[in-house]
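Here's the structure, in structure tokens; my notes come after.
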Amino acid sequence: MTIRQQDMLNFKYEEITGCTLVDVPYAFSYNETLLYLTRSTMECLHHVENRHIYKLIEIEHEPILIEISESDASTIWIRLVDSLPRDRTVWESIVHYVQEWFDLHRDLAPFYHIAANDPLLSKLATDYYGMRIIGVPDLFEALCWAVIGQQINLTFAYTLKKRFVEAFGKPMEWNSRTYWLFPKPEDVASILVDDLKKLQFTSKKAEYIIHIAQLMQQGELSKHALLSSSDFKAIESQLITIRGIGPWTANYVLMRCFRDPSAFPIGDAALQTALKLLLNRSQKPSLDEIKQLFFPWKEWEAYAVFYLWRSLTPVDATP
DNA sequence: TTCCAGGACATTT
DNA sequence: AAATGTCATGGA
């Protein structure tokens, strides 16, 4: 058995068994990860069973179904379900994907330091300790999901996403279950508004998503190009120039895709609900009050929002 | 049935 | 600039 140590990526892999052991940071909760990933039964882009996470990802134009499992407090396993030998660079890409997906490189110490003596965050930070923002690394997916989620309840949003993925994504069968790759811009750039209206998308959302697909297919919009911007604020202002992308969507994508810890989807309906419940109010707080409340959490607004969202999860939802 | 949901945009003051 | 109206559909 050959085991090689990757200094930079903190993982070891075994060429024979096709498994990789990945180090996780000091504050990482596998349980919270599972809880987030199982919050909707309509989710079609990953599957959780017996505390294993299954996801189809594309590495070097090849669909690969990965299985993620908890090992001990400081490691998780990644296994390839087809068990075919893979090149070392492919393994590096897979590990990089998971680290990006679960935000494993983030040092949460500053956030927990703020939370420690904060009247609103201290209990959440303790209750959900180790919870990290689950990302959406693919920009097209992040934008589509954000646009879909505008002004509708999450249940319906998941229904729409499932219809969209099953209509334009790429399926892969394994063990009598279908796994999906999210549609690519080129799969959506040429469809018609009516194709999405059939799936119960509103005309506006259909137009937004098709237009975004066209921009990305033509190379006028890409994650790589945006990442070369001077800062996250520059990315935000570029995103907002696109039709259908307002302040909420831009900040949501900064939070889930670009991993800006200071992204702040202020005005988010669920955020208002969470604060209303936490403050034991009869009415939702105003935008001005939310700004005041968030003042201590500067540069960590995205994490504060994610922990507040988490407070809305039903307590009986144990994975 | 009514209200509203992890908004954006156009129109009117 | 800021307030108001419109879109538009299902979930609870």
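Every chain is numbered from 1 and lettered A, B, ... according to where its sequence line falls, protein lines coming before strand lines.
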- Query: Between dC4(B) atom C1' and Leu312(A) atom CG, what is the distance in whole Å?
  - Reply: 15 Å
- Query: In whole angstrom, what separates Lys205(A)'s NZ from dG10(C)'s P?
  - Reply: 12 Å
Could you list the donor-acceptor pairs under 3.5 angstrom formed between side-chain atoms of residues 257-269 of chain A and any protein atom two or more places apart in sequence or on another chain?
from	atom 1	to	atom 2	distance (Å)
Arg259(A)	NE	Glu100(A)	O	3.0
Arg259(A)	NH1	Ile133(A)	O	3.1
Arg259(A)	NH2	Glu100(A)	O	3.1
Arg259(A)	NH2	Trp101(A)	O	2.9
Arg259(A)	NH2	Ile133(A)	O	2.7
Asp260(A)	OD1	Ser262(A)	N	2.8
Asp260(A)	OD1	Ser262(A)	OG	2.8
Asp260(A)	OD2	Ser262(A)	OG	3.3
Asp260(A)	OD2	Ala263(A)	N	3.4
Asp268(A)	OD1	Trp248(A)	NE1	2.8
Asp268(A)	OD2	Ala270(A)	N	2.9
Asp268(A)	OD2	Leu271(A)	N	2.7
Asp268(A)	OD2	Trp309(A)	NE1	3.0

- Query: Does Phe164(A) have its ring centroid less than 6.0 Å away from the ring centroid of Phe182(A)?
  - Reply: yes
- Message: So, using side-chain contact (heavy atoms from CB on, under 4.5 Å) as the criterion, who are the partners of Pro110(A) when residues are at least two apart?
- Response: Asp107(A), Trp300(A)
- Would a line drawn from the ring center of Tyr128(A) to the ring center of Tyr303(A) be shorter than 6.0 Å? no
- Taking only residues two or more places apart in sequence, or in another chain, which ones meet Tyr158(A) in a ring pair (Phe, Tyr, Trp, His ring centres under 6.0 Å)? Trp145(A)
- Task: Encode nucleotides 8-13 of chain B as B, S and - characters from 5' to 3', where the letter depends on protein heavy atoms closer than 4.0 Å: B to the base, S only to sugar-phosphate, - to neither.
- Result: SSS---
Show me the side-chain donor-acceptor pairs of residues 55-64 of chain A shorter than 3.5 Å, one per line, residues at least two apart or across chains.
from	atom 1	to	atom 2	distance (Å)
Lys55(A)	NZ	Leu45(A)	O	3.0
Glu58(A)	OE1	Lys184(A)	NZ	2.6
Glu62(A)	OE2	Arg86(A)	NH2	3.1

- Can you tell me, in whole Å, how much space there is between the P of dT11(B) and that of dA8(C)? 14 Å
- Task: For residues 187-198 of chain A, pull every pair meeting side-chain hydrogen bond (donor to acceptor under 3.5 Å, both in side chains), keeping only residues two or more places apart or in separate chains.
- Result: Lys197(A)-Ser203(A)
- Message: Rounded to whole Å, please give me the gap between CG in Leu154(A) and C1' in dG10(C).
- Response: 13 Å
- Query: What is the distance, rounded to the nearest whole Å, between atom CG of Leu271(A) and atom C1' of dG7(B)?
  - Reply: 14 Å
- Nearest-Å distance for atom pair CD/C1', residues Gln272(A) and dC3(B): 15 Å
- Rounded to whole angstrom units, what separation is found between the CD1 atom of Ile148(A) and the P atom of dC7(C)? 22 Å
- Here the distance between atom P of dA5(B) and atom OH of Tyr158(A), to the nearest Å, is 17 Å
- What nucleic acid atoms does Lys284(A) come within less than 4.0 Å of, heavy atoms only: base, sugar-phosphate, or nothing? sugar-phosphate
- Message: Under 4.0 Å, heavy atoms only, any strand: does Ser203(A) hit a base, just the sugar-phosphate, or nothing?
- Response: sugar-phosphate
- Query: Could you state the CD1-P distance from Ile266(A) to dG7(B), rounded to the nearest angstrom?
  - Reply: 13 Å
